[in-house]
Amino acid sequence: MDSCDVLIVGGGPAGSSCAWGLRQAGLSVVILDRQNFPRDKVCGGWITPRVPAALELDLADYARTRVLQALTGFRVGGIGGGAVETSYGASVSFGIRRREFDDYLLRRSGARLQLGEALARLERNSDGWIANGRLHARLVVGAGGHFCPLAKLTGAKADGESAVVAQEIEFAMDSRQLAQCRVRGEVPELYFCRDMKGYGWCLRKAGYLNIGLGRADPHRLSTHVAEFLRFLKTEGRISFEVPPLHGHAYLLHGTSTRPPVNDAVLLIGDSAGLACPQSGEGIWPAVESGLLAAQSIAAANGDYRRQQLQSYASRLAAAQGSSARNLGTYLPSWLAGLLGRNLLRTHWFVRGVVLDKWFLSGDAQTGVSVA
Ligand SMILES: Cc1cc2nc3c(=O)[nH]c(=O)nc-3n(C[C@H](O)[C@H](O)[C@H](O)COP(=O)(O)OP(=O)(O)OC[C@H]3O[C@@H](n4cnc5c(N)ncnc54)[C@H](O)[C@@H]3O)c2cc1C
């Protein structure tokens with residue numbers, strides 16, 4: 001039978017970051033993913049500078065053959081209202097294509113890759129787990145995203161979970177679309193829903209355009225998406241039909257009740273429900289939790305009982321801090337809408353609260369350059 005120290009189920013940013021950390025600690029790691037890579041992932045593809053910093057990415061090398069769009073400002077407004085543009089004068093974030101980014105992280109992780117194979121069976125034995133009847137691992141890490149099959153092993157219950165629901169599309173623009181797109185690469189656009197329970201975005205990366213909308217309220221998502229697309233056309237931001245959007249869901253930190261640890265099993269990234277409550281940023285929490293899990297696994301020194309792995313849960317809680325939510329989840333929707341529409345017209349609120357606090361979480365001060 002094939003064997004390894006740690007089996008990671010899922011090769012997204014959580015799984016590949018964890019594998020990278022574990023390989024540096026000298027453990028043998030297999031990543032199992034049901035898809036072949038490169039693969040598409042429903043996502044905006046916006047990352048904050050702490051992602052490449054924590055993973056020690058050589059951004060110049062990355063950008064040689066892949067899309068890396070430096071973002072130096074944001075245009076922010078309300079759907080149906082005006083917009084305010086903020087410029088930072090330096091890169092405060094990046095736009096990547098998940099198809100390229102996830103594949104790059106996976107290949108550099110140093111793990112043994114078993115791609116195109118879903119986890120179909122997992123059995124416990126006296127010394128760990130047997131996956132798909134042929135691979136023995138002392139410990140398993142659930143990195144399979146929102147619907148990760150390992151989530152139930154830590155006692156997670158899907159009932160009563162309140163997920164963010166979102167739709168997105170990324171496509172290469174043809175020459176006509178390029179001419180009819182007023183969204184600039186370095187200035188992505190964010191437009192909040194009238195009730196402040198979600199927002200739509202336009203992120204242009206080289207010749208690609210990524211458009212989507214996510215909401216903390218699952219009702220009438222398609223209606224909100226249609227309204228957003230109409231608004232972009234009315235405002236002249238894009239003057240062409242976009243291809244159909246694809247949907248997905250994920251949990252925000254503070255709404256997730258999924259325990260991250262059990263005997264010989266840890267959950268990381270979306271499988272643990274860790275995305276940032278105000279912005280929906282999930283790539284950074286996926287990377288951070290993957291690295292923290294790797295540290296705790298290495299420190300457990302082969303003893304993978306729950307109490308030995310509990311340091312992961314404590315490190316995660318300390319790293320994630322409080323779970324402050326956005327305006328729309330605290331206030332009645334008429335009041336959130338009224339306040340939101342007015343506040344989104346002011347430069348101080350857009351820069352000081354929406355961008356610096358909700359979206360950049362202090363990263364604006366750490367502008368990064370691609371050498
Ligand atoms: C529309 C939308 C837009 C978003 N935009 C952004 C954004 O711009 N920036 C940001 O930071 N976050 C964004 N997010 C959130 C972000 O996409 C996720 O938080 C992030 O992908 C989580 O990474 P992960 O590695 O935990 O899971 P994933 O990236 O979902 O990876 C999970 C992997 O597990 C594999 N898998 C699943 N089940 C199995 C199985 N049974 N067996 C084997 N493999 C399996 C899948 O094939 C997949 O490759 C967005 C989310 C959505 C829905």
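Order of listing sets the numbers, starting from 1, for every ligand and every atom in it.
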Asks: Below 4.0 Å, non-hydrogen atoms only: which portion of A275 touches ligand 1? Side chain, backbone, both or neither.
Replies: neither

Asks: With respect to G15, determine whether any N or O atom, backbone or side chain, lies less than 3.5 Å from an N or O atom of ligand 1.
Replies: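 Among all N and O atoms of G15, none is under 3.5 Å from an N or O of ligand 1.
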
Asks: Would you call K205 and E100 a salt bridge, using N to O less than 4.0 angstrom?
Replies: no

Asks: For the 3.5 Å polar cut-off, considering only N or O atoms, please tell me whether R34 and ligand 1 meet it.
Replies: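 By distance alone, the answer is yes.
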
Asks: For ligand 1, which is the ligand I care about here, please tell me if A286 has any N or O atom under 3.5 Å from one of the ligand's N or O atoms.
Replies: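 No, A286 has no N/O under 3.5 Å of an N/O on ligand 1.
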
Asks: Which ligand 1 atoms, with their elements, are less than 4.0 angstrom from a heavy-atom of G269?
Replies: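 This gives 26 (O) as the contact atoms.
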
Asks: D356 versus R351: any side-chain heavy-atom pair under 4.5 Å?
Replies: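 Side chain of D356 against side chain of R351, heavy atoms only: contact under 4.5 Å found.
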
Asks: Do R99 and D40 meet the salt-bridge criterion of a basic N to acidic O distance under 4.0 Å?
Replies: yes

Asks: So which of W201, Y199, F231 actually passes ring-ring contact (aromatic ring centres under 6.0 Å, His included) with Y191?
Replies: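 For Y191, the ring-ring contact (aromatic ring centres under 6.0 Å, His included) test succeeds with only one of W201, Y199, F231, which is F231.
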
Asks: Report the nearest protein non-hydrogen atom to atom 5 (N) of ligand 1: residue, atom name, distance rounded to 0.1 Å.
Replies: G44 N, 2.8 Å

Asks: Establish, yes or no, whether the cationic atom of R138 lies under 6.0 Å from the six-membered ring centre of W129 and within 45° of the ring axis.
Replies: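 No cation-pi geometry.
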
Asks: Measure the distance from atom 42 (N) of ligand 1 to every protein heavy atom, then report the residue, atom name and distance (to 0.1 Å) of the closest one.
Replies: L119 N, 2.9 Å

Asks: When rounded to the nearest 0.5 angstrom, what distance separates CZ in R75 from OG in S87?
Replies: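 R75 CZ to S87 OG: 14.0 Å, rounded to 0.5 Å.
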
Asks: Provide the closest heavy-atom pair for C193 versus L213 in the form atom of the first, atom of the second, distance.
Replies: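 Nearest heavy atoms, C193 then L213: SG-CD1, 4.2 Å.
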
Asks: With a 4.0 Å cut-off on heavy atoms, is G214 in contact with ligand 1?
Replies: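 No.
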
Asks: What part of F37, side chain from CB on, backbone N/CA/C/O, both or neither, has a heavy atom under 4.0 Å from ligand 1?
Replies: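 Side chain only.
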
Asks: Between D58 and R108, is the closest basic N to carboxylate O distance under 4.0 Å?
Replies: no

Asks: Checking the N or O distance criterion of under 3.5 Å, is ligand 1 in contact with E168?
Replies: no

Asks: What atoms of ligand 1 come closer than 4.0 angstrom to any heavy atom of G10?
Replies: 33 (C), 34 (O), 35 (C)

Asks: Applying a heavy-atom cut-off of 4.0 Å, say which part of I47 lies close to ligand 1: side chain, backbone, both or neither.
Replies: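 For I47, there is no contact with ligand 1 at all, from either part.
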
Asks: State the atoms of ligand 1, each with its element, that fall below the 4.0 Å cut-off from a heavy-atom position in D270.
Replies: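 Heavy-atom distances to D270 below 4.0 Å select 18 (C), 19 (O), 20 (C), 22 (C), 26 (O).
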
Asks: For atom 48 (C) of ligand 1, find the nearest protein heavy atom and state the residue, atom name and distance (0.1 Å precision).
Replies: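 It is D33 OD2, 3.4 Å.
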
Asks: Give me the ring orientation class for F359 and W46: parallel if the planes are under 30° apart, tilted from 30 to 60°, perpendicular past 60°.
Replies: tilted

Asks: On a heavy-atom basis, which atom in W358 and which in F349 lie closest, and how many Å separate them?
Replies: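 Looking at all heavy atoms of both residues, the shortest contact is CH2-CZ, 4.2 Å.
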
Asks: For Q35, take its heavy atoms, then give the atoms of ligand 1 lying under 4.0 Å from any of them.
Replies: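 Counting from 1, the qualifying ligand atoms are 47 (O).
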
Asks: Which atoms of ligand 1 have any heavy atom of L32 under 4.0 Å away?
Replies: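 The list of qualifying atoms is 43 (C), 44 (N).
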
Asks: Relative to atom 31 (O) of ligand 1, which among C18, G12, A272 owns the nearest non-hydrogen atom?
Replies: G12

Asks: Taking non-hydrogen atoms only, is P13 closer than 4.0 angstrom to ligand 1 via side chain, backbone, both or neither?
Replies: both

Asks: Could you tell me whether R98 and E170 have a side-chain N and a carboxylate O separated by less than 4.0 Å?
Replies: no

Asks: Does R66 count as lying over the ring of Y104, i.e. NZ or CZ under 6.0 Å from the six-ring centre, within 45 degrees of the axis?
Replies: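 The answer is no, since R66 fails at least one limit relative to Y104.
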
Asks: What is the nearest protein non-hydrogen atom to atom 1 (C) of ligand 1, stated with its residue, atom name and distance?
Replies: A166 CB, 3.4 Å

Asks: Are R258 and E161 ion-paired here, with the side-chain N under 4.0 Å from a carboxylate O?
Replies: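 Here R258 pairs with E161 in a salt bridge, since their nearest N and O are under 4.0 Å apart.
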
Asks: Can you list the atoms of ligand 1 that are under 4.0 Å from a heavy atom of P149?
Replies: 41 (N)

Asks: With rounding to the nearest 0.5 angstrom, report the OG1 to CD1 distance, T48 to I283.
Replies: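 It comes to 8.5 Å.
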
Asks: Give me the nearest non-hydrogen protein atom to atom 12 (N) of ligand 1 as residue plus atom name, then the distance to 0.1 Å.
Replies: G282 N, 2.9 Å

Asks: Taking all atoms of both residues into account, what is the closest heavy-atom pair of D5 and L27, and its distance?
Replies: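 For D5 versus L27, the nearest heavy atoms are OD2-CA, 3.5 Å.
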
Asks: Which residue owns the protein heavy atom closest to atom 25 (O) of ligand 1, what's the atom, and how far is it?
Replies: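 Nearest protein contact, heavy atoms only, for atom 25 (O) of ligand 1 is A14 N, 3.0 Å.
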
Asks: Where does K41 meet ligand 1, judged by heavy-atom distances below 4.0 Å: at the side chain, the backbone, both, or neither?
Replies: side chain

Asks: Check whether any heavy atom of R98 sits under 4.0 Å from an atom of ligand 1.
Replies: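 True for this residue.
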
Asks: Are E189 and R204 within salt-bridge range, i.e. N to O under 4.0 Å?
Replies: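 A salt bridge is absent here (no side-chain N lies under 4.0 Å from a carboxylate O).
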
Asks: Would you mind running through ligand 1 and noting each atom that sits below 4.0 Å from a heavy atom of W201?
Replies: 1 (C), 3 (C)

Asks: Using every non-hydrogen atom in the two residues, find where G269 and S289 come nearest and quote the distance to one decimal.
Replies: N-OG, 2.9 Å

Asks: What's the separation between atom OG in S3 and atom CZ in R134, rounded to the nearest 0.5 Å?
Replies: 11.5 Å

Asks: Applying a 4.0 Å heavy-atom criterion (strictly less than), which segment of Y250 is in contact with ligand 1: side chain, backbone, both, or neither?
Replies: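 Just the side chain.
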
Asks: For atom 13 (C) of ligand 1, find the nearest protein heavy atom and state the residue, atom name and distance (0.1 Å precision).
Replies: C43 SG, 3.5 Å

Asks: May I ask whether R39 has any heavy atom positioned less than 4.0 angstrom from an atom of ligand 1?
Replies: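 In this structure, R39 qualifies as a contact of ligand 1 - some heavy atom is under 4.0 Å.
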
Asks: What residue and atom, counting heavy atoms only, is the protein's closest point to atom 9 (N) of ligand 1, and at what distance?
Replies: W46 O, 2.9 Å

Asks: Please could you name the atoms of ligand 1 that I283 approaches to less than 4.0 Å, counting only its heavy atoms?
Replies: 9 (N), 10 (C), 11 (O), 12 (N)

Asks: Determine whether any heavy atom of A143 lies closer than 4.0 Å to an atom of ligand 1.
Replies: yes

Asks: Does ligand 1 have an atom under 4.0 Å from some heavy atom of G45?
Replies: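 Distance cut 4.0 Å: G45 passes for ligand 1.
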
